[in-house]
Amino acid sequence: MLEGKKIAVMITGGIAAYKVPSFVRGLIKAGAQVRVAMTPQAEKFVTAETLKVLTKYPVLLEEQIYPEEVGHVHLADWADLAVVIPATANTLSKMANGLADNELTSSLLAMTCPKMLVPAMNSNMWSNFATKKNIATLKEAGLFVIEPEDGFLAEGYSGKGRMPDPEVILQALYALSALEDLKGKVSLAGEKVAISAGGTEEAIDPVRFIGNRSSGKMGVALAYVAALAGAEVTLVCAKSAQVLPVLPQIQTREITTARELNDVMTALNAEADVLIMAAAVSDFRVENQSQRKIKKDKSKPKATGLQLNLVENPDILKGLSNETTYLVGFAAETDHVEDYAKEKLQRKGVHMIVANDVSQKNIGFGSENNAVTILTQHSEVKIPLANKFKIAAAILQEIQRDRHQEIKKGCSFL
Ligand code: PMT
């Protein structure tokens, strides 16, 4: 996913620095080349030797010899992407004000590549007016900020300030890298985006249900990329998606059945600028769910079987108003993929359908990759096999392009 990417990991002095080696290992496993810079304070929490062994390259420090002349400028020119992790309130303040009083901040000041900041600090420091002002300044300047989590802090009490798990930050970097790889810029700043992910479940009895093979990965990748593109994202997770880690700044809602999903998406549609249904929704539910576990009727011959009466669930997308929201559906098909998707585009009254072939093992359900055809009323774009974060970025770019075309025609959902 990050093959060939040159990533500068800039470690500043917070307790969360102990999690950085595991993040660096994740980057290397994903194919990135990694170089590290550390502040003197960071060296109190994690050793430069550990990072040197992992990256097989000396760490940029204050007083040690770096392989290249003027190390901080060399690192700045080398990097395709930089991550400041953990980013302390002190370093954020220096960055917002252009201070360069150590090798790491000097390098950051000289860097022109995209930068992702992962603040981690005491909750009162995070909510302090000065930190808020600095974060706003840095966002305004185009830096990407991963908000801290609300949770148990090293201080022994709970609050907002915890660094998310390395896995979450790695996925945020996949999302950022996918956005940066696109030729045109995708910006969803100030937009409200609602996304559904995962497979709904319909109970048969207290222990069994009708479900499907959706893992939620496609919808979650869309949520990460939309959040990195600046949108205010609400992710509605069906059961399978509820176990996937998400960025703290993504609002999440949890549902089980198609009717619960219908209620939540209908409410979100009233506020959303863009609504994307990536969830795999059960078209049917059992008419009379048993309140007790269904037992085999041993008095009857085996061949009798069990009859379940299924009734239709609401078609969620079809019932949503497309007057003020740009509506996107997926089409999960096993044959005649594009023909069925075109039919769904018209029948569901949506602006876009993303067609994927779910008969193939390496794409669609459960896999890390997908390949899609994006259909609108006036275009058809094929996106070949790629990681779901790249597919998500391509879908959001097409949404932006199609919405702008509609603006010119004076459409009301903009
Ligand atoms: O979750 P992953 O493992 O990553 O897999 C991703 C995916 C294959 C699930 C995803 O890319 C996908 O195709 N999602 C849509 C699955 C689906 O339900 O497709 P459909 O062709 O049956 O439905 C068409 C559209 O109508 C979908 O956007 C669906 O969310 C929506 N729908 C379906 C039924 C229903 N009652 N109401 C709906 O709104």
Side-chain angles (χ1 to χ4, degrees), residues 171 174 194-202 210-225 235-244 246 255 257-266 268-269 274-285 310-322 325-375 383 385-392 394-396 399:
Q171 298 207 20
Y174 294 164
I195 299 168
S196 67
T200 58
E201 292 178 6
E202 305 292 341
I210 298 171
N212 60 65
R213 297 182 198 285
S214 169
S215 63
K217 287 179 187 170
M218 189 65 246
V220 169
L222 278 159
Y224 270 76
V225 180
L235 178 67
V236 185
C237 296
K239 275 273 158 57
S240 57
Q242 290 167 18
V243 296
L244 300 178
V246 290
I255 57 92
T257 66
R259 284 185 295 175
E260 286 167 15
L261 182 59
N262 189 28
D263 290 347
V264 176
M265 296 316 282
T266 304
L268 290 172
N269 188 47
V274 177
L275 184 147
I276 307 174
M277 283 287 291
V281 186
S282 176
D283 287 323
F284 298 94
R285 66 178 183 277
L310 300 182
V311 291
E312 219 170 302
N313 270 327
D315 186 324
I316 303 169
L317 265 181
K318 203 171 169 190
L320 297 176
S321 157
N322 63 8
T325 312
Y326 188 93
L327 294 181
V328 182
F330 272 73
E333 308 293 350
T334 53
D335 47 287
H336 306 293
V337 178
E338 277 152 33
D339 290 345
Y340 286 144
K342 279 180 191 154
E343 184 271 324
K344 271 179 186 156
L345 181 69
Q346 305 311 335
R347 179 164 51 83
K348 298 208 177 218
V350 294
H351 300 97
M352 178 183 283
I353 283 280
V354 181
N356 46 193
D357 185 341
V358 288
S359 68
Q360 298 188 40
K361 282 224 166 68
N362 60 335
I363 59 172
F365 288 133
S367 70
E368 300 303 318
N369 298 324
N370 210 352
V372 299
T373 303
I374 305 173
L375 301 163
I383 311 293
L385 184 77
N387 183 283
K388 282 180 177 168
F389 289 93
K390 279 188 186 285
I391 298 284
I395 293 169
L396 291 167
I399 292 173

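Just so you know, ligand 1 is whichever comes first in the structure, and atom 1 is the first atom listed for that ligand.
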Please list, in number order, the atoms of ligand 1 under 4.0 Å from a heavy atom of [X].
{"X": "Lys344", "value": "20 (P), 21 (O), 24 (C)"}
{"X": "Lys217", "value": "1 (O), 2 (P), 4 (O)"}
{"X": "Pro314", "value": "35 (C), 36 (N), 37 (N)"}
{"X": "Ala331", "value": "21 (O)"}
{"X": "Gly216", "value": "1 (O), 2 (P), 3 (O)"}
{"X": "Asp283", "value": "34 (C), 35 (C), 36 (N)"}
{"X": "Gly329", "value": "28 (O)"}

Interatomic distance, [X] atom [atom1] to [Y] atom [atom2] [nearest 0.5 angstrom]:
{"X": "Glu368", "Y": "Ile391", "atom1": "CD", "atom2": "CD1", "answer": "12.5 Å"}
{"X": "Met218", "Y": "Ile395", "atom1": "CE", "atom2": "CD1", "answer": "4.5 Å"}
{"X": "Met265", "Y": "Leu275", "atom1": "CE", "atom2": "CG", "answer": "4.0 Å"}
{"X": "Lys348", "Y": "Met277", "atom1": "NZ", "atom2": "CE", "answer": "7.5 Å"}
{"X": "Ile399", "Y": "Ile374", "atom1": "CD1", "atom2": "CD1", "answer": "8.0 Å"}
{"X": "Asp315", "Y": "Asp283", "atom1": "CG", "atom2": "CG", "answer": "7.5 Å"}

Regarding [atom]: of the candidates [options], which has the closest heavy atom?
{"atom": "atom 19 (O) of ligand 1", "options": "Ser240, Ala332, Ser214", "result": "Ala332"}
{"atom": "atom 35 (C) of ligand 1", "options": "Ile353, Val281, Ile391", "result": "Val281"}
{"atom": "atom 37 (N) of ligand 1", "options": "Val354, Ile316, Leu327", "result": "Ile316"}
{"atom": "atom 6 (C) of ligand 1", "options": "Met218, Arg213, Arg259, Met277", "result": "Met218"}

Do [X] side-chain atoms and [Y] backbone N/O form a donor-acceptor pair below 3.5 Å?
{"X": "Asn356", "Y": "Ala331", "answer": "yes"}
{"X": "Lys217", "Y": "Gly366", "answer": "yes"}
{"X": "Asn269", "Y": "Ser321", "answer": "yes"}
{"X": "Lys344", "Y": "Phe330", "answer": "no"}
{"X": "Asn387", "Y": "Asn369", "answer": "no"}

Nearest non-hydrogen protein atom, [atom]:
{"atom": "atom 39 (O) of ligand 1", "value": "Leu317 N, 2.9 Å"}
{"atom": "atom 2 (P) of ligand 1", "value": "Ser215 OG, 3.3 Å"}
{"atom": "atom 25 (C) of ligand 1", "value": "Phe330 O, 3.0 Å"}
{"atom": "atom 30 (O) of ligand 1", "value": "Ala279 O, 2.8 Å"}

Contact (N/O only, under 3.5 Å) between Ser282 and ligand 1: no
Polar contact flag for Gly198 and ligand 1 (N/O pairs, less than 3.5 Å): no
Assess [X] for proximity to ligand 1: is some non-hydrogen atom of it under 4.0 Å away?
{"X": "Val358", "result": "yes"}
{"X": "Lys388", "result": "yes"}
{"X": "Ser196", "result": "no"}
{"X": "Lys348", "result": "yes"}
{"X": "Gly366", "result": "yes"}

Ala278, portion touching ligand 1 at heavy-atom distance under 4.0 Å: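 Backbone only.
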Per-residue contact class, Asn356 against ligand 1 - non-hydrogen pairs under 4.0 Å: side chain
Parallel, tilted or perpendicular: rings of Tyr326 and His351 (30°, 60°):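 It falls in the parallel class, under 30°.
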Between Glu202 and Ser282, a side-chain donor and acceptor under 3.5 Å: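 No, no side-chain donor-acceptor contact under 3.5 Å.
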Residue Arg213 excluded, over 12 heavy atoms near CZ under 6.0 Å: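 No, the 6.0 Å shell around CZ holds no more than 12 heavy atoms from other groups.
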